[in-house]
There are 2 protein chains.
Amino acid sequence: MPYLRRNAPRPEPIDCRILTAALELFVSRGYHNVSVHDVQRRAGVSIGSIYNHFGGKEGIAKALYGHLLNELSELVKEVMESHKSLGERSRTLIRLLFEFTETRRDIIAFVFHAKHREFLPDEPPICSAEPFRRMRDMVEEGMARGEIGQGNAWVATATLFGGAIRLIQLRLDGVLEEPLPELAEEAWESVWNGLGAGEEVVPLAGRSAARG
Amino acid sequence: MPYLRRNAPRPEPIDCRILTAALELFVSRGYHNVSVHDVQRRAGVSIGSIYNHFGGKEGIAKALYGHLLNELSELVKEVMESHKSLGERSRTLIRLLFEFTETRRDIIAFVFHAKHREFLPDEPPICSAEPFRRMRDMVEEGMARGEIGQGNAWVATATLFGGAIRLIQLRLDGVLEEPLPELAEEAWESVWNGLGAGEEVVPLAGRSAARG
DNA sequence: GTCTATACGCTGATAGAC
DNA sequence: GTCTATCAGCGTATAGAC
């Protein structure tokens with residue numbers, strides 16, 4: 001049950017109103033530049049309600065964080081169920097993340113762009129949160145099956161998804177003007193097949209083929 | 001002239017003391033969780049001095065930001081001068097950044113890990129700052145020379161350096177336990193030569209060779 | 001230029017009526 | 001459960017002595 005219902009009938013539950021307002025504000029101004037009063041005003045509820053439901057500002061952030069990581073984790077899980085090879089899985093996941101960046105910008109921004117340690121010091125680092133662990137598992141599985149060469153799993157995961165995550169950041173920062181989905185295929189192919197033509201380092205010929 | 005002198009003789013200039021203290025505090029606690037009093041105390045100077053030299057907390061951040069981006073920009077410049085191919089340039093830069101992450105952790109953390117937009121809203125996004133522009137130029141040059149396939153320069157830059165930047169973040173978050181320099185070569189090779197064995201997508205055999 | 005002491009707005013949080 | 005009114009503390013910034 002997604003906490004965010006678009007175009008819901010008037011009487012939207014108060015929790016959702018608060019979370020929605022907080023997400024928008026946190027993403028646009030940054031957690032520390034948003035006061036409880038701001039959230040209260042934008043959500044159209046009173047301060048009392050906020051403290052009743054979430055116990056304070058940090059409580060809102062915690063709830064938001066949990067919800068969104070869950071949603072993302074579900075996404076990764078679905079990708080792993082519907083595709084079996086690491087190649088297809090990573091290609092699909094990158095495409096989906098890129099689409100999300102355009103259609104549900106705030107969610108992606110909060111998860112990939114916020115410094116959670118600064119306001120949720122007790123939470124473990126985001127890289128060790130479930131969705132990111134799943135990505136690493138995905139890579140390890142592919143490595144065990146020989147789809148990619150043996151090596152450090154962290155390095156392989158960072159290589160496979162680091163470029164995509166970087167592009168998401170560039171897009172969120174307004175540096176990239178094209179919508180990400182247009183770049184998904186190229187981004188995945190580049191990292192999967194390698195950037196270098198390879199003449200110097202690996203003496204194999206004819207590798208600069210299928211590139212667009 | 002680096003603003004940070006290690007083991008300098010006692011009477012270290014007051015500006016440096018302030019900047020050094022601020023950098024350490026900003027990185028360890030986050031900008032918004034540090035007060036001017038904290039900086040003042042740690043630097044061993046008075047509040048008055050801070051306002052005299054930098055005009056306030058934001059002034060410190062601005063100065064720091066400028067200094068550190070400059071240093072990083074110099075680094076990239078030197079790499080471009082001492083190497084001519086994109087392959088060698090990117091390999092060297094990744095190795096140097098990984099070494100910096102171990103030896104001058106705070107600098108890398110401030111540049112790669114901080115959300116500057118949250119406290120320096122007037123600065124352009126960091127991805128469009130000089131050192132990052134230089135990296136992109138580096139890639140475009142390599143593309144023009146045919147070292148890598150034609151394509152979107154942003155995608156290629158993100159692919160080439162995104163994995164390394166991701167590894168730096170993992171290391172700064174304490175998720176990675178090995179010192180980065182040990183992983184530098186593998187990280188670069190993975191992205192340069194490609195992760196996928198390539199059977200399905202690019203029908204070429206025998207590519208899983210030189211990987212460690 | 002450096003320092004101490006002080007002012008004051010804002011923020012997170014609570015009390016208590018409805 | 002929801003609201004309004006209010007509090008106490010902190011954090012930035014300034015005034016003014018040395």
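Below, chain A is the first sequence line, B the second, and so on; all start at residue 1.
- In this structure, B/Arg136 satisfies the cation-pi test against B/Trp154, with its NZ or CZ atom closer than 6.0 Å to the six-membered ring centre and inside 45 degrees of the ring normal.
- The footprint of chain A on DNA chain D, defined by a heavy-atom cutoff below 4.0 Å, extends from D/dT2 to D/dT4.
- Partners of B/His113 under the ring-ring contact (aromatic ring centres under 6.0 Å, His included) rule, at least two apart in sequence or in another chain, do not exist in this structure.
- For the side chain to side chain contact (heavy atoms under 4.5 Å, CB included) test, residues two or more places apart in sequence or in another chain that qualify with A/Phe100 are A/Leu75, A/Arg104, A/Ile108.
- Side chain of B/Arg17 to backbone of B/Ala43: a donor-acceptor contact under 3.5 angstrom is found.
- Near DNA chain C, meaning a heavy atom under 4.0 Å from it, residues 48-60 of chain A has A/Tyr51, A/Gly56, A/Lys57 in order of number.
- Taking the ring centroids of A/Phe112 and A/Phe132, they lie under the 6.0 Å cut-off.
- Near DNA chain D, meaning a heavy atom under 4.0 Å from it, residues 31-46 of chain A has A/Val45, A/Ser46 in order of number.
- Remark: aromatic rings of B/Tyr31 and B/His116 are distant, center separation not under 6.0 Å.
- In this structure A/Lys62 satisfies the salt bridge (charged side-chain N to carboxylate O under 4.0 Å, His left out) test together with A/Glu58, sequence neighbours excluded.
- Minimum heavy-atom separation, A/Val36 to A/Lys57: CG2-CB, 3.8 Å.
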Next on the checklist: Test side chain to side chain donor-acceptor pair (under 3.5 Å) on B/Asp38 and B/Ser35; report intermediate values, then the result.
Outcome noted: CA-CA 5 Å; B/Asp38 294 330; B/Ser35 75; 3.3 Å; yes
